[in-house]
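Worksheet: the structure to be examined is printed underneath.
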Amino acid sequence: MSGWADGFRDGLRPDAELTVSEWADQFRVLSSKASAEPGPFRCSRTPYIVEPLDCLSSSSTVQRVVLMFAAQTGKTELGMSWLGYCIQASPGPMLAIQPTVEMAKRLSKQRLESMIQETPCLNELIAPARSRDSGNTLFSKEYPGGILLLTGANSATGLRSAPCRYIFADEIDAFPVDVDGEGDPVSLAEKRATTFARRKILLTSTPTIKDHSRIEAEYLRSDMRRYFVPCPKCGHMQWLKWEQVKWEDNDPSTARYQCEGCGERFSDRHKPQMLRNGEWRATAEGDGKTAGFQLSGLYSPLGWFSWADMVEEFLRAKNDAPALKTWINTRAAETWEEDYASKISADGLRSRCEPYEYGVLPEGSLALTFGIDVQDNRLAISGWAWGRQEEGWLIYHQEIYGDPSRADLWKQVDEAVLREWSHASGAKLRPDVVAIDSGGHFTAEVYQFARERVRQGVIAVKGASSRNRPPISRGNRVDINSKGKTLKKGAMVYSCGVDTVKTTLFARLKHNEAGEGYLHFPEQATDEYFQQLTAERQVLKHTRGGFPVREWIKKPNARNESLDTLVYSYCALNHLYSRRDRRTIWDQFEKRLEEPAKGQLKSRKAAAHAASNFVSNW
Ligand SMILES: [Zn+2]
């Protein structure tokens, strides 16, 4: 660092003459390594980035820029242009934060390094990484007048670094809620900049869950700008909304945008012209220092992501809550509202019970799983039959009272569950997977029961407390029997993403049409069953750092075994996927119905006897 630069630290150095967008157009070159469209960078390709970029210029009075952008709209490139501008035109200490240190490393290697190499004016300022004492490493880049540090939001040490005038926090909704017990990583990072009067902070992300999304909270505090574009026909200025996208017969290629003014529908072809003539308009007052920008995938430039692509993805995702959530977050750039629980009532579910034969797998079902919940004085057991597209039928629900530390209770599970079940076609099926909760007070007993019945599809499961987990994970071996002794061949225990599964299932309980994802209930299901099924809802909680998190909670003193057993039955179904080819799994199951069952005659009597018992036990 030269003595000259030292004398012109923050605020003393004259402001850059160029805006960030002018700088990017003049100096930036996209490499073939990091970009699908290599060559000189052109803001005109994505005209909506000009204003956010210029808010980041030294000449702008805006202090914080918030981008709630869809994927494939050029969000990260926008951040990169700003970093380049700061290095060359308005140097100062700078901190770039990715969700994790690993991702920061990747950004440095893949994007930053190639921007520096391909952009001559940056190349001159930063020494090649290979030379010794170059001040150029993966996590820090020195240049005259400043230094760029890269870190992950999962590293409190990285966030506590020296004061920084510029902060670029990318994908902040993926940041941890709390970093090393020191609180919210975004606040922690922003504290680095408080001493700089002319600080700039760029926060970007695709959003996540409503009331849980950092970027949405920031956007709502801002002046909430939307990109208004003119209708090609009547000129009416409007910001693009998903509900204005129309298509016919589930055919994405017919996707058109319907003008809110004149009702005319037009295709993607008009997008370049609309984008070029668009402008950002604030839709809220804001605090005067924060400029917020929201942009959905409908604005992706021609050739990147079309309206037809958007419709196609939507049609694929619409019946699958987790997939739809991803679509809403990354394509619509909106938060996902998890309010299903509040809209489902026990009475509503009770009223849609159907008269199919209890204890028998109905027509259309092809697989059978069980979920067992272990309480201190009883076991709750549900049997779910599953068909294509995860249409489900409750065919069995039972509580067996007794002491789970005693073998005789478990013997009843053998008799009630691990037997042949009749299918409406006349075939016999044994349960495919039986998932038993091992998280209660009888862990060792569950392990032992599962270990001895691996061949019959019995697995020990455990609810994972963290969010965003898959329905069921790969198993871990545990090696303890009921007497606390280590076993050579211990049981496998599988962790279940109960949070994810509840979200999926509550979305499906809202379906009102049989078919994909629909859950059927027999007339034998009782009021108590449905009370338990709807005993949980999502609430907002605040972490120590004050950050809101959604959590499933049980109504006080309510029982919830019929929900838990459904959750475990569904995890059991997902366990099946991991063991077979998911593309052909239902065809494989269908074939089983054609094969004559072994020992069919002998078991028929036993099955009939058992079925009569279940009804009386509801
Ligand atoms: Zn119009």
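Counting convention: from 1, in listed order, for ligands and their atoms alike.
- Between the side chains of T73 and Y48, no donor-acceptor pair of N or O atoms lies under 3.5 Å.
- Each of W247, W307, Y299, W239 was compared with Y257 under the ring pair (Phe, Tyr, Trp, His ring centres under 6.0 Å) criterion, and only W307 meets it.
- The nearest pair of heavy atoms linking V179 to L188 is CG1-CD2, 3.7 Å.
- For the pair SG of C259 and SG of C262, the angle at the Zn ion (ligand 1) is about 110°; rounding is to 10 degrees.
- Centred on the Zn ion (ligand 1), the angle running from C234 (SG) to C231 (SG) is recorded as 110°, rounding to 10°.
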Please determine whether side chain to side chain donor-acceptor pair (under 3.5 Å) holds for the pair T254 and D251, giving the CA-CA distance in whole Å, both sets of side-chain angles, and the decisive distance to 0.1 Å. CA-CA 6 Å; T254 62; D251 177 4; 4.8 Å; no
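- The Zn ion (ligand 1) has no N, O or S atom of H236 inside 2.8 Å of it.
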